[in-house]
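Whatever order the structure lists them in is the order used to number ligands and atoms, beginning at 1. Fair warning: this is a prediction, and the values are worked out from it, not measured in the lab.
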Amino acid sequence: MKLHTIALGCQMSEADGEEMSQTLQARGFRPARVPEDADAILISTCTVRDHAEHRALSLIGSLKPWKQQDPRRVLIVAGCAAERLGESLRKRFPHVDFVAGAKSIESFPQLVERALGDRFDAMTESREAFKEADIPAASAVCSHLTIMRGCNYTCTYCIVPSVRGRELYRPAEAILKEARSKVDAGAKELLLLGQTVNSYSSEIDGSPVRFPELLRLVDKTPDLARVRFMSPHPHYVDERMMAAMAECPSVCEQLHLPAQSGSDRVLKLMRRNYTSGSLLAQAQSLRRAIPGIVLSTDIIVGFPSESDEDFERTLSLVSELRPASAYCFKYSPREGTESAKTQDDVPREVKEERLARLNALCDTLTEEALKSQVGKTLEVLCEDSGFGRTRGGYKVKWSGRSTPGELLKVKIAGAARRLLVGESNEP
Ligand code: SAH
Ligand code: SF4
């Protein structure tokens, strides 16, 4: 039995896709590189923006012929769009066999067994001849590790809390155990994941383990070279977190600081609990505490009532924050969110024009950030032959030999559009 997994959207949905596909692998499935070879397809979907959900729906639609070729094939749709649309997905796409919403990821093993166990058994019998040689190599050099799920915030534009539910923290022991087993399987870098990853809070033997302590504990994992985390909330970026980042050798000099807007008026309407001033002060402290730290951000343009002046404030904030990369989005009203009740009154052309101006500014900042690395010799973790990333998260390409998992020193000879070009390390 072979399974093809497709994740659409953020790193959370990728991590969820991996977790569910592991459940299916424990059930006897082996990975299939392409849908044509697969007996089952698992789609891990996103619904943060309307566009993401549309991509998921059109992918599901396009898999109808795949299913018709052999009706025994199984199509599973999971994740945030599955949570939002529920069983209506099966009405619209009768070729979908099973819908597993994002809130049920913890119980996915039981749910899928109940719904599809018999069919999987039948598939195993009809597919006895699958070859062990089909099994690709195991662990990735950079592995995801989910530490918390859900979100307790109520940012007015955001659908995440309603499709993922309240915050749930995995026990610290379970996280540390998974970290060790991922490293034993070949991972050199771990990406700790959660919607507000740094709100993490649990305990070990009655002592509190908040995010900074968790970083310190994960850092001690033997043979682990690098730790990153995504997506932190500015509210929990405090002195203790900065100290842990500065003091843990494996924690990379990189931080995503999602600003969303530079206008305090809009930030308030978005119900983000910081101001542009406090965010910039944080960036300054971060740069002082962790020299060379590389920052990135998320921005939404065209939130209801955003004026030209508000947008100018966003441009100033971004200019001062100087992120090395930024993910900029046009506001997309999501049904059921608070801001969707107010009129989406910034015209499409205005949103597009603002997005283009913002992207142009961010491209310049990216270019400057990349250029500032030229001439340095940086530690690069090889992810593929001649390709890897620096501790700050910059992508590097160079000609030469390298094995995935290898840590090398690469002299940066130049910068291309979105990556650094290293000197050849060929003899
Ligand atoms: N938990 C993360 C964000 C998850 S959603 C955080 O708090 O940073 C990822 C990004 O999608 C957000 O940072 C935001 O920039 C964008 N986003 C979320 N809802 C959106 C909407 N309705 N329209 C446009 N962009 C949105
Ligand atoms: Fe959405 Fe805000 Fe929660 Fe991030 S913190 S997932 S933007 S509600």
Apply side chain to side chain donor-acceptor pair (under 3.5 Å) to the pair E306 and S263, showing each step before the final yes or no.
CA-CA 9 Å; E306 185 188 70; S263 155; over 6 Å; no
For ligand 1, find out whether one of its N or O atoms is nearer than 3.5 Å to an N or O atom of D298.
yes
According to the interplanar angle, ranging from 0 to 90°, do the rings of Y327 and F329 count as parallel (below 30°), tilted (30 to 60°) or perpendicular (above 60°)?
parallel
Ligand 1 to Q260 polar contact by distance, N or O atoms, under 3.5 Å:
yes
Under 4.0 Å from one or more heavy atoms of P258, ligand 1 contributes atoms 8 (O)
In short, V374 meets A415 closest at the heavy-atom pair CG2-N, 4.0 Å
So OG1 of T314 and CG of L358: to nearest 0.5 Å the spacing works out to 7.5 Å
Per the salt bridge (charged side-chain N to carboxylate O under 4.0 Å, His left out) rule, what does the pair list look like for residues 187-201, sequence neighbours excluded?
E189-R226, E189-R228, E189-R389
Working for ring pair (Phe, Tyr, Trp, His ring centres under 6.0 Å), residues F120 and F29:
CA-CA 9 Å; F120 290 163; F29 280 93; 5.0 Å; yes
Checking a contact table here: which protein heavy atom is nearest atom 11 (O) of ligand 1, and how many Å away?
R49 NH1, 2.8 Å
For F329, the atoms of ligand 1 under 4.0 Å from one of its heavy atoms are 10 (C), 11 (O), 15 (O), 16 (C), 25 (N)
What I want to find out is whether D363 reaches R418 closely enough, with some N-O distance under 4.0 Å, to be called a salt bridge.
yes
T154: side-chain contact (heavy atoms from CB on, under 4.5 Å) partners, not counting sequence neighbours
R271
What distance do F211 atom CZ and I147 atom CD1 have between them, rounded to the nearest 0.5 Å?
5.0 Å
So if I only count non-hydrogen atoms and take anything under 4.0 Å from ligand 2, which residues does that give, chain by chain?
C151, Y153, C155, Y157, C158, V160, P161, Q195, T196, H233, R272
Results of side-chain contact (heavy atoms from CB on, under 4.5 Å) for S307 - residues two or more places apart only:
E309, D310
K182/E18 ion pair, N-O < 4.0 Å:
no
May I ask whether M12 has any heavy atom positioned less than 4.0 angstrom from an atom of ligand 1?
no
Does any N/O atom on S332 come nearer than 3.5 Å to any N/O atom on ligand 1?
yes
pair P232-H256: side-chain heavy atoms closer than 4.5 Å
yes
Check whether any heavy atom of V48 sits under 4.0 Å from an atom of ligand 1.
yes
What atoms in ligand 1 come closer than 4.0 Å to a heavy atom of R334?
22 (N)
Give the numbers and elements of all ligand 1 atoms closer than 4.0 Å to a heavy atom of S231.
2 (C), 6 (C), 8 (O)
Give the single entry among H235, Q195, H233 that approaches atom 2 (C) of ligand 1 most closely by any heavy atom.
Q195
Mind checking whether R272 has a heavy atom under 4.0 Å from ligand 1?
yes
Check ion pair D16-R164 (N to O, under 4.0 angstrom)
yes
Under 4.0 Å from a heavy atom of Y331: which atoms of ligand 1 are those, numbered in the order shown and with their elements?
23 (N), 24 (C)
Atom 24 (C) of ligand 1 - nearest protein heavy atom and its distance
K330 O, 3.4 Å
Pick one of side chain, backbone, both or neither for how Y157 approaches ligand 1, counting any non-hydrogen atom pair under 4.0 Å.
both
